[in-house]
Each structure stands twice: as C-alpha cells, then as structure tokens.
There are 2 protein chains.
Amino acid sequence: MNIDKINEVRQFNRFYTRTLQLTNKYHLGTGLTVLESRLLLEIYENKLQTANELVSLLEIDKGYLSRVLKSLEKRGYIEQTIDNLDKRSKLLTLTTLGHNTLNTINKRADQQVDQLFSKLSDQEMDQVISAMDFIRNKVDLD
Amino acid sequence: MNIDKINEVRQFNRFYTRTLQLTNKYHLGTGLTVLESRLLLEIYENKLQTANELVSLLEIDKGYLSRVLKSLEKRGYIEQTIDNLDKRSKLLTLTTLGHNTLNTINKRADQQVDQLFSKLSDQEMDQVISAMDFIRNKVDLD
DNA sequence: ATACTTAGTTGACAAAAACAACTAACGACA
DNA sequence: TGTCGTTAGTTGTTTTTGTCAACTAAGTAT
C-alpha cells in the first residue's frame, strides 16, 4: 500500500485512540473499572458464559481475568456457578446489582456517544454510521 | 440521538478498540512501550518540544511523563535541554538512537496497517480512507 | 517586592497486568 | 479402565503503569 495512505490510517488510529480515551469514562462513579464494565456487558449482552470465552474475545490474561471475576463476584455483581456439563468451567451470570449497574453504565456511555456527535444533523449522523460500518467490513482482523 | 444509532457507534468503538489493540504491537522487540513510541513520534514528527505539550496532547499525568522522559533520556533515546527562553522548560529532541528506533517502529507500524487492509482493492482502500476522514471531521472532541 | 501561576520533579502508593506454576476435570484411545 | 495430553480456571509473585500530592524553581503581573 502507498505510504501516504498508510499514514492517513495511522493518523486516524491516533485520533480515534484519543476519542476512545475520552468516551471511556462512563464507568466513573460506578465503582467499576472500564474492564469490569466491559465484562458485565459481554456477559449480559453478548451472552458470553465462561471466563474462557472472555479471554478469547478480549485477549486478556486468564489469571488476571480470574481475579477480576472473583472480585466482581465478591462485590455482588456476578455469580459464577459450576457448569455441570463441564465441571472445569463456571457459568457467568449477572446479579440484579450487576444488571442495574450495567444499565447505569450503558446510559452514561450512551450519553457520551450522543455528546460526541451532538452538533451533527440526522443526515450527517447517518453518514458517520455508514462510514463506520464500511470500515468495520473492510478491516481484516485475522 | 436514536438509541439504535448510539448502539451502532458503541459497537464500532468496541470493534475499533480491538483493532487498535491488535495493531499496537509495533513496539515489540524494540525495548520501547507503546507510550514511549508515541512520545518519540510526537517529539519528532509533530515537533512537540516540551513535556507540557505532551501532557496536553496525550492527557497523561505530568509526574508520570516526567519519569518516562527521564527513563528515555537515561536509555539514550532523547535529550532534554533547558530552554533559555524559559528556564522552567526543557526542549526535547531525539538522539540518533531515538531517531533510528523511531524509524524501525514506524516501519513495523506501517506493515501492520498494510496487513490490516491487505485484501482490499485500491478503490476500496480509498473508500476506507474517505470514511476515516469523514468520521474525523464529524467527531466533536470538546 | 509580593503574590500568583506554571513547568517539571519526586515520594509514596495503588491499580492494572504479566508470567509461571499449579489443580482439577476432560477427552481420546489402547 | 488406566494413562497421557489438553483445557479451564486459580494462585503466588513480580513488574508495569498510573495517580496524587507536595515540592522547587522560574516566570508573570501588579
């Protein structure tokens, strides 16, 4: 690929890193970290049920994840129950507290996204979303 | 904004977080961290000359930055010389080693970007870049 | 001269994450 | 059924990364 194009992509990457950094503040005040929020989201919305699936998706150390999950459990956000079909695994579910907290976090994250594009017309917003979809379809993560 | 649109943006954000995570491996083997690489890049390519400017741009703690810069200096990647026009500030410059290392890192980062889009035609690639430019222009970071 | 602000440093500490060694359960198969 | 390689998750130890506050020295304004 042409070097100018590569540089444009890298510039975008730096720009979007900053954007993500600014919007990743939704968890503030909830007592959860960004990672913990993400875990609740993945467990609930994407129906990930085991630590192992979370490790693959998020590419984090399993030892570290084990501790974070233990802490979430101890603080009452999730439950881990042994899977009877494979007693090595534990099935992850949100408690009511976990679910309520996720709702709060989601509301805040929604607001932050909203703010990010607050000055755009409906039409421009649609174009932004199309642009995002396009990029998502073209990036090759393998 | 409509909740579906917000969710599409949030999905993109999660997707792009993963993309950045995967491409942010260019520093491996160089002995520098992602942050240190970024600092060299900003000092050299964007001509940022003081710690203070880096603090504003990257929004990191000045105490932390001070230590990272000290370490970069000690390891021979940068020089910090007192600014005669304002003796509180130090002007940052890359050493030859710093410059060479940045070149290596840049080459690797370029390769990673290239790989990310390796299956695209020239036309598709141009469309991706347009999409990125569009998003960059529409996001409101204030 | 005084008081306020700013650039950068340092100490103390906490949070986040990496790494390796370990246990228990599973799966395959002779 | 027993044994061997693999897999899910745990735990101890350590390093890396980052926060916070107090501090110094230089600049700015009045």
Side-chain angles (χ1 to χ4, degrees), chain A residues 17-18 20-22 24-40 42-43 47-75 77-93, chain B residues 17-18 20-22 24-40 42-43 47-75 77-93:
Chain A
T17 298
R18 178 128 182 282
L20 291 170
Q21 202 180 329
L22 290 174
N24 271 227
K25 303 223 157 107
Y26 46 78
H27 62 288
L28 295 176
T30 60
L32 299 194
T33 64
V34 178
L35 175 61
E36 289 170 336
S37 308
R38 179 75 189 267
L39 295 175
L40 295 192
E42 295 300 344
I43 292 168
K47 316 269 180 279
L48 296 203
Q49 294 191 318
T50 65
N52 202 35
E53 293 174 87
L54 291 168
V55 163
S56 311
L57 179 70
L58 305 177
E59 293 173 290
I60 48 178
D61 181 74
K62 62 183 179 166
Y64 180 42
L65 178 63
S66 171
R67 269 183 259 258
V68 174
L69 290 175
K70 191 159 90 177
S71 158
L72 282 172
E73 185 178 40
K74 197 171 129 199
R75 289 182 288 151
Y77 295 105
I78 65 167
E79 276 172 8
Q80 310 191 69
T81 56
I82 288 168
D83 182 356
N84 280 319
L85 298 170
D86 180 348
K87 287 178 183 155
R88 292 169 306 174
S89 315
K90 292 174 157 187
L91 300 177
L92 305 169
T93 49
Chain B
T17 298
R18 177 127 184 284
L20 291 170
Q21 203 180 328
L22 290 174
N24 271 228
K25 304 223 157 106
Y26 46 79
H27 63 287
L28 294 176
T30 60
L32 298 195
T33 65
V34 178
L35 175 61
E36 288 169 336
S37 308
R38 180 73 189 267
L39 294 176
L40 295 193
E42 296 300 343
I43 292 168
K47 317 265 180 281
L48 297 203
Q49 295 192 318
T50 65
N52 202 35
E53 293 174 87
L54 291 167
V55 163
S56 311
L57 179 71
L58 305 176
E59 293 173 290
I60 48 179
D61 180 75
K62 62 181 181 169
Y64 180 42
L65 179 63
S66 171
R67 269 183 260 259
V68 175
L69 290 175
K70 191 159 90 177
S71 157
L72 282 173
E73 185 178 41
K74 197 170 127 199
R75 290 183 287 152
Y77 295 105
I78 65 167
E79 276 172 9
Q80 310 190 70
T81 56
I82 288 168
D83 182 356
N84 280 318
L85 298 170
D86 179 348
K87 288 179 184 156
R88 291 168 306 173
S89 313
K90 293 174 158 187
L91 300 177
L92 305 169
T93 49

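All chains are named by letter (A, B, ...) in the order of the sequence lines, taking the proteins before the strands, and each is independently numbered beginning at 1.
Note that the two end axes of the helix from dA1(C)-dT30(D) to dA30(C)-dT1(D) enclose an angle of 20°, each drawn from 5 base pairs, rounded to 10 degrees.
Between Y77(A) and T30(A), the shortest heavy-atom contact is OH-O, 3.9 Å. The heavy-atom pair separating L92(B) from T50(B) by the smallest distance is CD1-C, 3.7 Å.
Rounded to an integer number of Å, the gap from L57(A) CG to dA8(D) C1' is 17 Å. At whole-Å resolution of the value, CZ in R75(A) and P in dA15(C) are 11 Å apart. Atom CG of D61(A) and atom P of dT17(D) are 15 Å apart (whole Å). Rounded to whole Å, the distance from CD1 on I60(B) to C1' on dT17(D) is 11 Å. Rounded to whole Å, the distance from CD on E53(B) to P on dT6(C) is 16 Å. Between the CG atom of L58(A) and the C1' atom of dA16(C) there is a distance of 15 Å, given to the nearest Å. Here the C1' atom of nucleotide dA24(C) and the NZ atom of K90(A) are 12 Å apart, to the nearest Å. For L32(A) and dA15(C), the CG to P distance is 14 Å, given to the nearest whole Å.
Near DNA chain C, defined here as any heavy-atom distance below 4.0 Å, the residues from residues 64-73 of chain A are Y64(A), R67(A), listed numerically.
Residue-environment remark: NZ (K47(A)) exceeds the threshold of 12 foreign heavy atoms within 6.0 Å.
By the 4.0 Å N-to-carboxylate-O rule, R75(B) lies close enough to E36(B) to be salt-bridged with it.
Proximity of L35(B) to L65(B): side-chain heavy atoms (C-beta onward) are nowhere separated by under 4.5 Å.
To the nearest 0.5 Å, the span separating OH on Y64(B) from CG on L69(B) amounts to 11.0 Å.
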Practice prompt. Would you give a per-nucleotide map of nucleotides 23-30 of chain D, 5' to 3', where B means the base has a protein non-hydrogen atom under 4.0 Å away, S means only the sugar-phosphate does, and - means neither?
Written response: ---BS---

